[in-house]
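Working notes for the structure below.
In listed order, ligands and their atoms are each counted from 1.
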Amino acid sequence: EVFTSQSDLESLIYLRREVKSAIDEYIQKEESRLEYLKERLKSSRGLSSGDESDATNPINAFLLVKGLSLDLAEIVAVTGDRDSFKEFARRMEELNEATTFPDNEDISGAALGLIRLQDTYQLDTKSIANGALGDSCCAPELSDFRLLPVDDCFELGRQSYLSKDYDYAIQWFTEALFRYPSTEVEDSIANVSMLLPHGEEVLISTDLEFESSSKVSKSKILDYLSWAKDIKKTLEIGKDFLAKLTGLEMDAFVDQVARAVSGGDQEETKQKRVALKSNNLFFKDRDTLEARYKSLCRGETKSNSSINPMLKCYFSSRGNNPYYLIGPIKEEILNLSPLIKIFRNIIHDEEIEKIKELAKPRLETAMVVNVFTGSNEKSQTRVSKTAWLVDEDDPIVSKINQRVGFVTGLSMETAELLQIANYGIGGMYLPHYDYAQPGQTASFVTNTDGNRIATLLFYMSDVEKGGATVFPKLNLSVWPEKGSAAFWYNLKKNGDGDSGTQHAACPVLLGTKFVSNKWIHERGQEFRRRCSLKPNE
Ligand SMILES: O=C(O)CCC(=O)C(=O)O
Ligand SMILES: [Fe+2]
């Protein structure tokens, strides 16, 4: 899997150069071989010319016989000569051993990444197809843009379709039709109204000349398009129906669905019911929260920091910690309850470079905890690569861990290792909690060290566009700034999870994003963060 991080994409650029030169060379060799074949055919009188009378003219008869034996043998030998191809195949083999070629999973990952960006940042289908990533509000037009031909638009539609995103599927299939080569416009117009179930018109290009030799047939695009429209319609009807249900009716409905999808198995029904509820699949506030998350990613929702006088920034020497007497820490309070702060200039560029250098060879596709089994799994909700660094890797690692202890005032004894995460284009982490919820088994919760009491998140790069950390329930967007770190308490003082800390890493639109997580645990903080006299606090 190569699409999740920037460093992997860079290796693909090298790969492309090598592959291109191998193909060029192969074509050149094939061309001279074909040139030779043409010459050879022309020079064989017995094969290239003649007529019926050759059977009666002895010279021509000889040429005919020679042509079909000796000349032909020679020509067959040349056509059968696959040395040039063998050489090409060998080079490809070598490249394959040295690097990883992208596979189907990568194609769908890259396509869905693009759709995710389109969805989060409200990018227009036609603009993307014309090679522009967003309008002037969100992103500069890419200077080196590429027009997407029919096949690519179709593939984006097909991937959306497969991931059940019918709105985007419809948009991309329609765009693919629009771009269909204009020579066949006539007959496609005749087909369109027949094949679309809902009688809509599909606009097909007449004046745009897209350089295209499309592999996908028009009827195939239309077929997909009509299915997508049909399913979308059905889903809308279902949504209307769900919106009208009362709370009790909804419970009964969830019950029924859970039973239906688990084929009567009691244990599975129970699990499915919890899953349906916790994923909030049917519930009314799901759409609003999701919309809020996306609008925070776009930076549209202004937080209340400008109006709340309690939110402030200041210099702190952390209770006269000698490390911070001369150069105090710059702290900013972003939210009061739960407490969310940002520390500015807390990690230096040289330290960041060193950490990245240590982490890069170890970056692996990020895993998330399966709520039911407690095991780590690859997931669509978190697209990034991560690595863990231990103190022994380099003195810088322990220095940074120590610094986290100083600035947070918390004990690092039960903290997890330093986790480095790298997000490529489209990389993200959907809204989640860092702490384990009641009943949830997570590999990071041990009997002795407790839950994740706090998170410190270092920003180790600036991000050109996108990539904010957002807190949908607090209406808060935190924009990555290289060298800064965000800090928050995941748990209330009484040890319960604080649901306000739900947060997400927005997809990266342009550039690359590096962060480091330090998760701090409960044990050892008893006298550093005391419980309150109010039991609910
Ligand atoms: O990258 C970010 O902005 C947040 C990452 C995060 O929430 C996590 O890794 O748990
Ligand atoms: Fe997180």
Which ligand 1 atoms does [X] reach within 4.0 Å, using its non-hydrogen atoms?
| X | value |
| --- | --- |
| Arg382 | 9 (O) |
| Tyr429 | 6 (C), 8 (C), 9 (O), 10 (O) |
| Val515 | 1 (O) |
| Ala505 | 1 (O), 2 (C), 3 (O), 4 (C) |
| Trp519 | 10 (O) |
| Leu457 | 2 (C), 3 (O), 4 (C) |
| His432 | 6 (C), 7 (O), 8 (C), 10 (O) |
| Lys513 | 1 (O), 2 (C), 3 (O) |

**Request:** Of all the heavy-atom pairs spanning Tyr423 and Ala505, show the shortest one and how long it is.
**Result:**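 In this case the closest contact between Tyr423 and Ala505 is OH-CB, 3.6 Å.
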
**Asked** Which heavy atom in Pro431 sits nearest to a heavy atom in Pro472, and how many Å separate them?
**Response**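 Heavy-atom minimum between the residues: CG-CG, 4.5 Å.
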
**Message:** What I'd like to find out is whether the side chain of Thr501 reaches to under 4.5 Å of the side chain of Thr455, using heavy atoms alone.
**Reply:**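 No. Closest side-chain heavy atoms not under 4.5 Å.
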
**Request:** Mind telling me whether Phe471 and Trp488 have parallel, tilted or perpendicular rings, with 30° and 60° as the class edges?
**Result:**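 Judged by the thresholds at 30° and 60°, the geometry between Trp488 and Phe471 is perpendicular.
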
**Asked** Taking the six-membered ring for Trp, are Phe487 and Phe343 parallel (under 30°), tilted (30 to 60°) or perpendicular (over 60°)?
**Response**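 Aromatic pair Phe487/Phe343 classed tilted.
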
**Asked** To which of Asn517, Val463, Val470 does the heavy atom nearest atom 9 (O) of ligand 1 belong?
**Response**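 Selected option, by shortest heavy-atom distance: Asn517.
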
**Item:** For atom 5 (C) of ligand 1, closest protein heavy-atom neighbour
**Value:**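 Its nearest protein heavy-atom neighbour is Tyr423 OH, 3.4 Å.
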
**Prompt:** Among protein heavy atoms, which lies nearest atom 3 (O) of ligand 1, and at what distance?
**Reply:**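 For atom 3 (O) of ligand 1, the nearest protein heavy atom comes out as Thr469 OG1, 2.5 Å.
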
**Request:** With 2.8 Å as the limit, jot down which protein N, O or S atoms are around the Fe ion (ligand 2).
**Result:**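 Result, waters dropped: His432 NE2, Asp434 OD1, His503 NE2.
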
**Message:** Checking side-chain polar atoms at under 3.5 Å, does Tyr433 have a donor or acceptor matched by the opposite partner on Asn490?
**Reply:**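 Judged by distance alone, the side chains do not pair up.
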
**Request:** For the residue pair Tyr314 and Glu331, confirm or rule out a side-chain donor-acceptor distance under 3.5 Å.
**Result:**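 Yes - a donor-acceptor pair under 3.5 Å links their side chains.
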
**Prompt:** What pairs with Val19 under side chain to side chain contact (heavy atoms under 4.5 Å, CB included), at least two apart in sequence or on another chain?
**Reply:**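 Val19 satisfies side chain to side chain contact (heavy atoms under 4.5 Å, CB included) with Leu15, Ile23, Met92, Leu95, Phe101 once adjacent residues are dropped.
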
**Request:** Answer with side chain, backbone, both or neither: which part of Asp434 has a heavy atom less than 4.0 angstrom from an atom of ligand 1?
**Result:**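 It is the side chain that touches ligand 1; the backbone stays farther off.
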
SB check [X] [Y] (cutoff 4.0 Å):
| X | Y | value |
| --- | --- | --- |
| Lys518 | Glu416 | no |
| Lys354 | Glu350 | no |
| Lys126 | Glu175 | yes |
| Glu236 | Lys239 | no |

